Amino acid sequence: MHRALKVVAPLAIAALPLLAPAAASADSGWSFQASLKPLNHSTATGTVMIHGSGNQATITEHVSGLAATFGKSPYPHVQHIHINAQGVCPSMAADKNGDGVVSTTEGAPFYGPIGTTLSVSGGTTPADGTNIKIAPSGGSYTYSRTITLDSATMSSLKAGKAVVVVHGLDPATLSKQAQ
């Protein structure tokens, strides 16, 4: 069965909450889809599809408008399925310190902690979440990988509380207060 995802736009660059799908039979599998919503003055756009059967999921994502380079190398964009919170995208009203950026700390009550890391290779656990060596990189990319989702991520997806977040704010767009 095909379901819309809630795509939450979190802190750094762009994100989206995955909309909860309707119930599907075990034979038909399941799917979620969402459009990226920019946050923090980002111009990023994109889409994400998650198709699965059981706890196996194929994630396909097309993203553009991200920060392209950092230190003369392609900018790494760690990305995750966040879980166990409100399952919504924070607005700029979540910027409690007034620096013009919704930080990960300020966004966490809306999208929650990392459930699954969307890496290009290697681990997909929360512990892998900040490993920039396995993150997609550059200003635009297409990401596709089949992974095993843990029970917490599966529960959050089914409950409509999962959010895909693509991190990586361009330092050039930060206010002086946020730098």
Side-chain angles (χ1 to χ4, degrees), residues 2-21 29-40 42-52 55-67 75-91 94 102-104 106-132 134-169:
H2 179 77
R3 309 165 202 186
L5 296 176
K6 290 181 195 171
V7 177
V8 171
L11 62 164
I13 257 284
L16 42 144
L18 305 176
L19 300 178
W30 48 269
S31 66
F32 294 87
Q33 70 178 25
S35 295
L36 288 169
K37 179 180 176 186
L39 185 66
N40 293 332
S42 171
T43 58
T45 60
T47 59
V48 63
M49 284 287 262
I50 302 176
H51 295 285
N55 66 350
Q56 293 295 298
T58 299
I59 296 95
T60 304
E61 181 181 44
H62 304 284
V63 185
S64 62
L66 297 168
Y75 197 117
H77 295 283
V78 295
Q79 54 185 19
H80 318 100
I81 299 174
H82 286 256
I83 62 171
N84 297 334
Q86 298 175 40
V88 299
C89 180
S91 70
V102 177
S103 69
T104 53
E106 293 166 329
F110 298 90
Y111 52 79
I114 297 170
T116 300
T117 297
L118 302 178
S119 60
V120 296
S121 64
T124 61
T125 70
D128 300 304
T130 58
N131 184 347
I132 62 173
I134 59 173
S137 59
S140 298
Y141 57 81
T142 295
Y143 171 87
S144 184
R145 185 169 182 201
T146 300
I147 60 175
T148 300
L149 299 176
D150 65 19
S151 61
T153 301
M154 288 297 303
S155 293
S156 199
L157 277 167
K158 290 177 182 178
K161 299 286 185 172
V163 174
V164 172
V165 177
V166 178
H167 301 269
L169 242 175

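All values derive from a computational prediction rather than experimental measurement.
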Leu149 and Thr153 have their tightest heavy-atom pair at CD2-CG2, 4.1 Å

Restricting to non-hydrogen atoms, name the atom on Trp30 and the atom on Ile50 that form the minimum distance, rounded to 0.1 Å. CZ3-CG2, 3.6 Å

Looking at Ala135 and Pro76, what are the two nearest heavy atoms and their distance? CB-CB, 4.3 Å

Nearest heavy atoms of Ser119 and Gly122, plus distance in Å: OG-O, 3.8 Å

Between the CE atom in Met49 and the OG1 atom in Thr60, the distance rounded to the nearest 0.5 Å is 8.0 Å

Relative to each other, are the rings of His82 and His80 parallel, tilted or perpendicular (30° and 60° limits)? perpendicular

Heavy-atom nearest pair, Gly107 first then Pro90, reads CA-CG, 4.2 Å

Residue pair Ile59, Val48: steps toward the side-chain contact (heavy atoms from CB on, under 4.5 Å) verdict: CA-CA 7 Å; Ile59 296 95; Val48 63; 4.0 Å; yes

Distance alone, cut at 3.5 Å: any donor-acceptor contact between the side chains of Ser64 and Thr45? yes

Look up atom CD1 in Ile81 and atom CG in Asp150, then write down how far apart they are to the nearest 0.5 Å. 9.0 Å

Roughly how far apart are Lys37 NZ and Ser42 OG, rounded to 0.5 Å? 12.5 Å

Would you give the length of the straight line joining atom CD of Gln79 to atom OH of Tyr141, rounded to the nearest 0.5 angstrom? 3.5 Å

Looking at every heavy atom in both Val164 and Leu118, which two are closest together, and how far apart are they? CG1-CD1, 4.3 Å

Hey, could you give me the OG1/CE distance between Thr116 and Met154, rounded to the nearest 0.5 Å? 10.0 Å

Verify side-chain contact (heavy atoms from CB on, under 4.5 Å) between Val88 and Val163, making sure each step is shown before the conclusion. CA-CA 7 Å; Val88 299; Val163 174; over 6 Å; no

Under 3.5 Å donor-acceptor, Ser155 side chain and Ser151 backbone: yes

Would the distance check show the side chain of Thr125 and the main-chain N or O of Ala127 forming a donor-acceptor pair, the cut-off being under 3.5 Å? yes

Quick one: pull up OG1 in Thr146 and CD in Gln56 and give me the separation to the nearest 0.5 Å. 7.5 Å

Please check if any side-chain donor atom of Arg145 sits under 3.5 Å from a side-chain acceptor atom of Ser121, or the reverse. no

Within the 4.5 Å heavy-atom criterion, are Thr58 and Ser144 side-chain neighbours or not? yes

